[in-house]
> 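Could you have a look at this structure, given as structure tokens, before my questions?
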Amino acid sequence: MIALVVILVVALFFIGIVNRTKSLLGGRVGPGLFQHVHDVVRLFRKGAVISTTSSIVFRLAPTISFVAILMACTLIPFGTQPALLPFQYDVVAFAYLLALSRFVMILAALDTGSPFEGMGANREGIYGMLVEPAFFVVFGSLAILTGHTSFTELFSTLHVGSGGVSILISVLAVYVILQIAMIESSRLPIDDPKTHLELTMIHEVMILDHSGFDLGLIMVSSSMKFALFGLLLANFHLTPSAPLWLLLIIAFGVNIVFAMTVGAIESFRARNRMKRNPQFILTLTSVAVLIYFSVLILTNKLVL
Amino acid sequence: MNTLMHPYVFFAGAAIIAGLLIIARTMSAQILLLASYIVLLASLTWHEFTTLNVIEAQYLKADPLTVTLLSVLTILGAVAAFQGVLYAKHRGDSISHLALHNAALVGFLSMLVGVYLSRHIGLVWAFLEASTLTAAVLIYHNRNRNSVEATWKYVFVCSIGIAIAFAGILFLSIAGSATDAHDLSFEALRAGAHTMDPTWLKISFLFLLAGFSVKLGVVPLFNVDIDAKDAAPSHISALLSSVLMNAGFSAVYRIYSVYSGTSIRPWLNSVLLLCGTLSILAAAVYILKVKNLKRLLAYSSLEHAGIVLIAVGSGAWFAALLHLVLHSFAKSAMFLQYGHYFRLTKSKKINAGGDYLSAHPAGAGVFIVGLLALCAVPPMGTFLSEMLALTTLLGTAWWWWALIIIPLLAVILWAMTKRIVSILYRPRHHTSVNGSRATMSMAMETIPQYALLAVVIWLGFFAPPAVVDFLHRASILHP
Amino acid sequence: MRLTFMVACVVSLVIAFVTSIPAVTVLVTGMAWSADIGSVTYVADSFSAFMVLVINTGSVLAALYGVRYLADDPDGRSLTESILHGTSFVALHAAMIGVVISSDLYSLFYFWEAMSISSFLLVLFDARQTKARTAAIRYILQMHIGAVGILVAIGFVSSAMGGVTYSLVHDYAASHQTWIVLLPLAVAFAMKAGLFPLHSWLPDTHAAAPSHVSGLMSGVMIKLGAYGLIRFGLLTDPSTELGTVLLVIGIATALFGIVNAIGQRDLKKLLAYSSVENMGLIVMSVGMAFIARGIDAPYIEIAAWSGVVLHILHHMLIKAVLFQSAGNILHGTHTRDLNNLGGLIHTMPGTVNLLLLGGLGISALPGSSGFVSEFPMYISGIKTMMMSSTSISMLGVFSVVTLCLAGGFAIIAFTKAIGIGALGTARTKAPLTAHDPHWTTRFPQWLAFGGALFIAVAPGMFIRALSGVLYGLSEKHIPHDLLTTLDTVGIGQAVLIIVVGIVWLLRMLATRTKPVAEGPTWGCGFQEGDARIQYTATTYADSTIEIMSPVTDVSVSYRHIDPADMFPRTRSYHTEEKDLIANKVFDPLAIGVERVLRALAVLQSGNMRSYILYAFVFIVVVVVLTLAEVL
């Protein structure tokens, strides 16, 4: 339950911090920390313009996408505090819920009959597909390491510095998850949300036609997705012995650092060429495989 | 009846009927005479069934194989005679033309009866030669350029074949002369075969096989058979593919079983396998480029004769006989239906045909079921016989032959299916063939074909044990 | 036509009813059923009984749909054709049941061939079109070649053991090299199951067949290939090696199938390739189960079998929904080419709704039966990763990666099928004039979808009901926590569906008073957008095909514009999706064989002298061979 609250709170300011970091690094003042929230509230109150081409799929998609992310949030624990709906192998459900969100958003994009949205949808589908092996290999490796297969059990025993977990593995795992989060949230280096050319967008171009309440839902979903991964990262640092207040501080701290990292990356890095993206994502998989073998060596399953 | 229906009576009766057929000048008389001949055939079959393994007229003897083949002959003879009359009626042939045809038919069938019944290798040879002459009349029936060419080729090559076979008999008598075999009857030969010189036996078998291959319709002398089946009227092709092939089989198989009592049996088997495989290869090769539906059916006969030889060679004798019998029915049905097809489309060319399914639904049904039978798939009985043949082969030391045969069979299946399906389904171009459609009476005329195909299913899977048992006995000539 | 098929439908229903009763009895009591018919013994253990139920469900769904589908059939067909179609349908249904209750290779071979031939006759339905005719003939050829495997097994077993009952096959495998009997059988089954690289018949045939038949073939018939692999795998005491082989083949099949599904423009071919993928997943899971049995890991084994069983059920139902939707679209628009479709959701909402739901299910997304059927596969995969042996653990990695890649590709494939085919604007006139068929056409689809939904929310219940099947397969009881996990997943799925409903209601409430304006799709300021500016099926697949180019075969015919081309003439861009294996392996092979055989045909010269010569050549050849002691 705490996890859900943390995610919702983080979601409130995450995008704000990212944008603030970027503007500061860019030498601007930038919008307020909660500008994002204001935007969403404004959108929720607005009417909508919908395309004559679109159908019920277009209108239903943001809702399903939002619910899928929400359900994914219920799978994440907070340190030793179990998740809302923990079960064995919920890792799978987590990945598939994100996939469900992607699926409906792609359909909504195709429903508009727009060339740009078709392009974005296509890219979203490919990158989302390519990133999944890395996710599963990382969590499979962590499962080997801890012997547990649900997030709740996994993170109740696993954190940086816990017995047997080398720093190397943690760093690699954090790196991979960070990159997955970037890809899933359509951020650099795969996608640049602030680009102003439709041809180079992925996620933003898919939602060109959404407006009003639905656009608000989509923005909430993407913030929550960030927070979701933020908490996932934070969980690596939540030592079971620490008191709750300290844990909360750690969690928020990790998320703030995460957001600032995202902002920093987006300030200093250029977006990849589209053609390079698949390679980039597959590199991630190879890092994941590296983690897998390290784990095998650590657990004495692979003797060199 | 038993005492009455001595083979002499049969042959005398057949001769009288043939004579009367030539002079009879009304349609009803022709039909009546044909019917009486069929009755005569049926009673002979019954007679031989009741007097199995009794030597009659010194050189004739009926064993279960004879009776089996006689039954097939009776049924197919009746159907072919019926179709022959229809054929003449639709073509508007003169009554004298029909009369000659019918007389020749009676003669042809009677000669085959002789082949089935003979217990003497010389007599088998003589009857087969005689069947060539009568068959020539039947092949020539259409009296056009194509049929005259096929006829003379047929007669010529058959004579060569017969000559080769005669050489085989001579070699056999050389082999036999050194021993105590009194004559060339199968019983005497069998009794003396193991004392004969294997080399002479081998040579004689080789010549006999090559000589009779023209009747059985297998490699090496199959070519004229194909031409003959192509040129003859379709009901005659049906007979050539069934009862004549059976006669060839009867001859070869009897010789085989005589020799198989000796040390050369493995050699015999491998020669038969080689012959069968080459036949299937030839069928596969030619069927790929065949453009004529009737030749397609003829090549399929070549394939099935090959399968029969392979079954014999691998020791699946029951499967061989079953396959032979089932093939006779299935192929006859196909050839007969082909006659109806030709009447409607006026073309043998596969490319000219098409959309038969709409033009003649009932006939198309015969083609489909017949195709299943020729491809040896369920629920047709040929599936059982072919499966038994191939699995037996796989169990022998020669199992790797199957690796050659099976792909060839697949090629044949593909080619046949492709062509027949194209005839059934492909939309026709308006210019090529007139869009004539079958009438109700044409639909009714398919009933015999369906009946024959029903036999193929029944005999394969629903035959009563007594029949199966009889076939078993028929397939084992010398226990 | 309609009347004849109604009779077939009734007969099929009767068969289903008569055979389902003993099947259910077997499942409930756990006692195997057996009967002697003629001299042949038929046996149905719990797995057979399960397959009988799958077959019956699939056949009845197809029959019900077929009645309506054929009622709208525009072609005037003769009685023979109708009877042929109806008879073949019933024969296929009966033959499939025969396959799973056979207890010796003879009857297996009989029913196997009967199954092939009856499905061939069903595919011939549209054989007036050249493509369908070619596909049907290729189909029967490949099935025939495949079936030879069973024939070979019969030959070997019967000559060595004097019989071909399954127990003798077991004895034979135990006393000889197992692969001698298993390999030919596996080829036969793999051919039917459409496993890589023997899958090439599947897409063409499914596209050519009338839709109720495609659904039946894809949903049920190809599963019998998996049935055979499982049955004979278990019979020959499966080893880890066998499991590994199946796992690898399954992985290759799954990935190849789904990548090629993305490339297709033909809706039914896309669905067919997706069937290839799903067969791959099933076989992969079977391999996993065999591996688990080999290393004695009961939990993994049970999980893998649960995946197999649930996936068979799920795929049967969902593929029926999808193929029947494709059939409705085909009837409505007379095209299967996605590039000619689009915007169907406005003209055929009833059909598209089902396509959407089916698409969600087949992509194994949460809330669908696909998710619960792949979930146990993930369990077995992750659990295998955790095994102590490195090599086994890596097999687990492979299977998990395959599952998630296949899932990701499936999303692309089915967003393509739905998004390009049914959403957006119409690319030609055809979708504009289409309309939903009579609601009864969708009745079997809703039935199937209802069943799938039931699996989605109550997988635990199904696994409990099928515990006998799983016990029969693994001889182990289901671990309790597997059941609880599946129960939780089921509940989670139900919660997901309910929450979607609630949020949707809230959204409706929130936006009830808000103004909604309609306008054209945003085109970056370009207001004259028409259907041509949309992404097409080809472009949507393009980037995936580019990444996956080693396993796809899409030929592009387009002449680039030369810089020297001062006034470029009209250009056309044409792509054609082919099957890599069919195009690069089998077709050249077939052409080669045909060429060799045709070259031999020179012997038919029509020249009499050479005819006679053959006789002497034959004699000489035999003499030479005899002297050379070859014969």
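Chain naming here is simple, since letters A, B, ... match the order of the sequence lines and numbering starts at 1 in each. Remember, it's a predicted structure, so these values are computed and weren't measured experimentally.
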> Can you say whether C:Thr425 sits under 4.5 Å from chain A via the side chain, the backbone, both, or neither, judging by heavy atoms?
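Both the backbone and the side chain of C:Thr425 come within 4.5 Å of chain A.
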> Is it the side chain or the backbone of A:Phe139 that comes within 4.5 Å of chain C heavy atoms, both, or neither?
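Neither part, no heavy atoms under 4.5 Å.
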> Below 4.5 Å, heavy-atom pairs only: which of A:Phe87, A:Phe135, A:Phe103 has the largest tally toward chain C?
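The residue among A:Phe87, A:Phe135, A:Phe103 with the greatest pair count is A:Phe103.
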> List the atom of A:Ala134, the atom of A:Ala288, and the distance in Å for their closest heavy-atom pair.
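Taking every non-hydrogen atom into account, O-CB, 3.7 Å.
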> A:Tyr96 and C:Glu374: side chain to side chain contact (heavy atoms under 4.5 Å, CB included), yes or no, with the steps?
CA-CA 11 Å; A:Tyr96 270 67; C:Glu374 285 192 14; 3.3 Å; yes
> Please look at A:Ser150 and chain C and tell me whether the side chain, the backbone, both or neither of the residue comes under 4.5 angstrom of a heavy atom of that chain.
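Looking at A:Ser150, nothing touches chain C.
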> Taking the six-membered ring for Trp, is the centroid-to-centroid distance between C:Tyr378 and A:Phe136 below 6.0 Å?
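Ring centres of A:Phe136 and C:Tyr378 closer than 6.0 Å.
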> Could you have a look at A:Thr63, A:Ile50, A:Ile144 and say which one has the most heavy-atom pairs with chain C under 4.5 angstrom?
A:Ile50
> Taking A:Thr112's backbone N and O only, do any of them form a donor-acceptor pair with C:Thr521's side chain (distance below 3.5 Å, no angle check)?
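Flag set: sc C:Thr521 to bb A:Thr112 pair under 3.5 Å.
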> Whether the side chain of C:Thr428 engages the backbone of C:Asn340 through a donor-acceptor N/O pair (distance < 3.5 Å, no angle test) should be reported.
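Yes.
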> Which region of A:His210, side chain (C-beta onward) or backbone (N, CA, C, O), has a non-hydrogen atom less than 4.5 Å from a non-hydrogen atom of chain C, or is it both or neither?
neither
> So which part of C:Ala364 gets closer than 4.5 Å to some heavy atom of chain A, the side chain, the backbone, both or neither?
both
> Less than 4.5 Å to any heavy atom of chain C: does that hold for the side chain of A:Ala121, its backbone, both, or neither?
both
> Select, from C:Gly396, C:Cys404, C:Gly359, C:Gly419, the one with the greatest count of heavy-atom pairs under 4.5 Å involving chain A.
C:Cys404
> With a 4.5 angstrom heavy-atom cut-off, which part of A:Lys46 approaches chain C: side chain, backbone, both or neither?
backbone
> May I ask you to decide if C:Ser368's main-chain N or O and C:Gln493's side chain share a donor-acceptor pair within less than 3.5 Å?
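A pair under 3.5 Å: yes.
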> Counting heavy-atom pairs closer than 4.5 Å to chain C, which one of A:Val57, A:Ile64, A:Leu85 comes out on top?
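Most heavy-atom pairs under 4.5 Å with chain C: A:Val57.
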> Checking heavy atoms, do the side chain of C:Ile412, its backbone, both or neither come under 4.5 Å from chain A?
side chain
> Counting only non-hydrogen atoms closer than 4.5 Å, does A:Phe293 touch chain C with its backbone (N, CA, C, O), its side chain (CB onward), both, or neither?
side chain
> Flag the one option from C:Arg507, C:Met387, C:Gln534, C:Met385 with the top tally of heavy-atom pairs under 4.5 Å to chain A.
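Greatest number of close heavy-atom pairs with chain A: C:Arg507.
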> With a 4.5 angstrom heavy-atom cut-off, which part of C:Leu360 approaches chain A: side chain, backbone, both or neither?
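The answer is both parts of C:Leu360.
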> Tell me, for C:Leu496 versus chain A, whether the close heavy atoms (under 4.5 Å) come from the side chain, the backbone, both or neither.
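The answer is both parts of C:Leu496.
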> Using heavy-atom distances under 4.5 Å, tell me whether C:Phe371 contacts chain A through its side chain, its backbone, both, or neither.
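For C:Phe371, side-chain heavy atoms alone lie under 4.5 Å from chain A.
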> Side chain, backbone, both or neither: which part of C:Met394 has a non-hydrogen atom closer than 4.5 Å to chain A?
both
> At a heavy-atom separation under 4.5 Å, does C:Val397 approach chain A through its side chain, its backbone, both, or neither?
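Contact with chain A is through the side chain of C:Val397 alone.
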> Can you tell which part of C:Ile379 gets under 4.5 Å to a heavy atom of chain A, answering side chain, backbone, both or neither?
both
> Please indicate whether A:Arg42 has more than 12 foreign heavy atoms, meaning atoms of other residues, nucleotides or ligands, lying under 6.0 Å from its CZ.
yes
> Measuring from atom CZ of A:Arg102 to atom CG of C:Leu365, what distance do you get when rounded to the nearest 0.5 angstrom?
9.0 Å
> Please step through side chain to side chain contact (heavy atoms under 4.5 Å, CB included) for the pair A:Met129 and C:Ile411, ending with a clear verdict.
CA-CA 8 Å; A:Met129 177 267 300; C:Ile411 287 175; over 6 Å; no
> Pick one of side chain, backbone, both or neither for A:Phe58, based on which atoms fall under 4.5 Å of a heavy atom in chain C.
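Neither; nothing under 4.5 Å.
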> I need the minimum non-hydrogen distance between C:Gly307 and C:Met377, along with the two atoms involved.
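Nearest pair, atom of C:Gly307 first, then C:Met377: O-CE, 3.7 Å.
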> With C:Lys514 as the cation and A:Phe213 as the aromatic partner, state whether NZ or CZ is under 6.0 Å from the six-membered ring centre and within 45° of the axis.
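Ring-cation test returns no.
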> One pair to check against side chain to side chain contact (heavy atoms under 4.5 Å, CB included): A:Leu107 and C:Leu423. What are the steps and the verdict?
CA-CA 8 Å; A:Leu107 281 186; C:Leu423 305 180; 4.0 Å; yes
> Please state whether the side chain, the backbone, both or neither of A:Asp209 comes within less than 4.5 Å of a heavy atom of chain C.
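A:Asp209 touches chain C through side-chain heavy atoms alone.
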> Please assess A:Ser55 against A:Asp111 for the test side chain to side chain donor-acceptor pair (under 3.5 Å), listing each intermediate value before the final yes or no.
CA-CA 7 Å; A:Ser55 65; A:Asp111 195 20; 2.8 Å; yes
> Determine yes or no for a side-chain-to-main-chain donor-acceptor pair under 3.5 angstrom, with A:Ser101 supplying the side chain and A:Leu97 the backbone.
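Flag not set: sc A:Ser101 to bb A:Leu97 has no pair under 3.5 Å.
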> Answer with side chain, backbone, both or neither: which region of C:Thr402 has an atom nearer than 4.5 Å to a non-hydrogen atom of chain A?
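No part of it gets close to chain A.
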> Would you compute the distance between atom OG of C:Ser285 and atom CD1 of C:Ile300 and round it to the nearest 0.5 angstrom?
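It comes to 11.5 Å.
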> Which bit of A:Ile126 comes within less than 4.5 Å of chain C, counting heavy atoms only: side chain, backbone, both or neither?
both
> Is it the side chain or the backbone of A:Arg59 that comes within 4.5 Å of chain C heavy atoms, both, or neither?
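Both backbone and side chain.
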> Chain C heavy atoms under 4.5 Å from A:Thr52: which part of the residue, side chain, backbone, both or neither?
both
> Of C:Ile418, C:Thr536, C:Leu270, which is the lone residue that meets side chain to side chain contact (heavy atoms under 4.5 Å, CB included) with C:Leu338?
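That would be C:Leu270.
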> Check whether C:Val400 gets within reach of chain A through its side chain, its backbone, both or neither, counting any heavy atom under 4.5 Å.
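Side chain only.
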> Which atoms of C:Thr415 come close to chain A, meaning under 4.5 Å heavy atom to heavy atom: side chain ones, backbone ones, both, or neither?
both
> Based on non-hydrogen pairs under 4.5 Å, which of C:Val352, C:Val401, C:Ile345 is most in contact with chain A?
C:Ile345
> Evaluate side chain to side chain contact (heavy atoms under 4.5 Å, CB included) for A:Lys225 paired with A:Leu98, printing each intermediate quantity in order.
CA-CA 9 Å; A:Lys225 216 182 203 173; A:Leu98 295 185; 4.1 Å; yes
